[in-house]
Amino acid sequence: TNGTLLSERSIALMNEQHVKGRFSYGWFLSEQGGAYFPWHSGNIPGFSSAYARQVHRDEAVLILSNLQDADTRQLQNKILRVLKR
């Protein structure tokens, strides 16, 4: 996020909506408090994860589970609400 690996312009493009349905380059985009934030989640047998970045607040939440069906997205949203306070 500091421009070392990617340029500031590339980072800005990653955090902008480019496709209908709030999807960016590899990220889903959700809105909270008037600002969009990138996130992604998924699972495979024996593993699930969720990742979200609050770009405007310089915060990130990463959840990893060794349970395939863990509701990592729900836990991520609860943590984001706590951080917002």
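Sequence positions, counted from 1, serve as the residue numbers for this chain. Any value given below was found using the heavy atoms of this structure, including those in side chains, with hydrogens, waters and symmetry copies removed. Small disclaimer: the values here were computed from a predicted structure and weren't measured.
- When every heavy atom of L29 is checked against every heavy atom of P38, the shortest pair comes out as CD2-CA, 3.7 Å.
- Once rounded to the nearest 0.5 Å, the distance linking CD of Q54 with CG of L80 reads 5.0 Å.
- The list of side-chain hydrogen bond (donor to acceptor under 3.5 Å, both in side chains) pairs with a residue in residues 60-73, not counting sequence neighbours, reads R73-N77.
- Residue pairs satisfying the salt bridge (charged side-chain N to carboxylate O under 4.0 Å, His left out) criterion with at least one member in residues 45-65, sequence neighbours excluded, are listed as follows: R57-E59.
- For the atom pair S41 OG and Q74 CD, the distance stands at 12.5 Å (nearest 0.5 Å).
- Scanning for side chain to side chain contact (heavy atoms under 4.5 Å, CB included) contacts around I11 gives L6, N15, with sequence neighbours left out.
- Take R81 and apply the salt bridge (charged side-chain N to carboxylate O under 4.0 Å, His left out) test, not counting sequence neighbours, and it matches no residue.
- Looking at heavy atoms from C-beta onward, V61 lies in side-chain contact with I63 at the 4.5 angstrom threshold.
- Residue I44 is grouped with residue L62 when hydrophobic side chains (ILVMFWY) are merged at heavy-atom distances under 4.5 angstrom, including chains of intermediate members.
- L67 and L64 fall into different hydrophobic clusters, where Ile, Leu, Val, Met, Phe, Trp and Tyr side chains are chained together by heavy-atom contacts under 4.5 Å.
- In terms of the side chain to side chain contact (heavy atoms under 4.5 Å, CB included) criterion, residue partners of T4 (sequence neighbours excluded) are, by chain and number, N2.
- For residues 35-46, no residue pair satisfies the salt bridge (charged side-chain N to carboxylate O under 4.0 Å, His left out) rule, not counting sequence neighbours.
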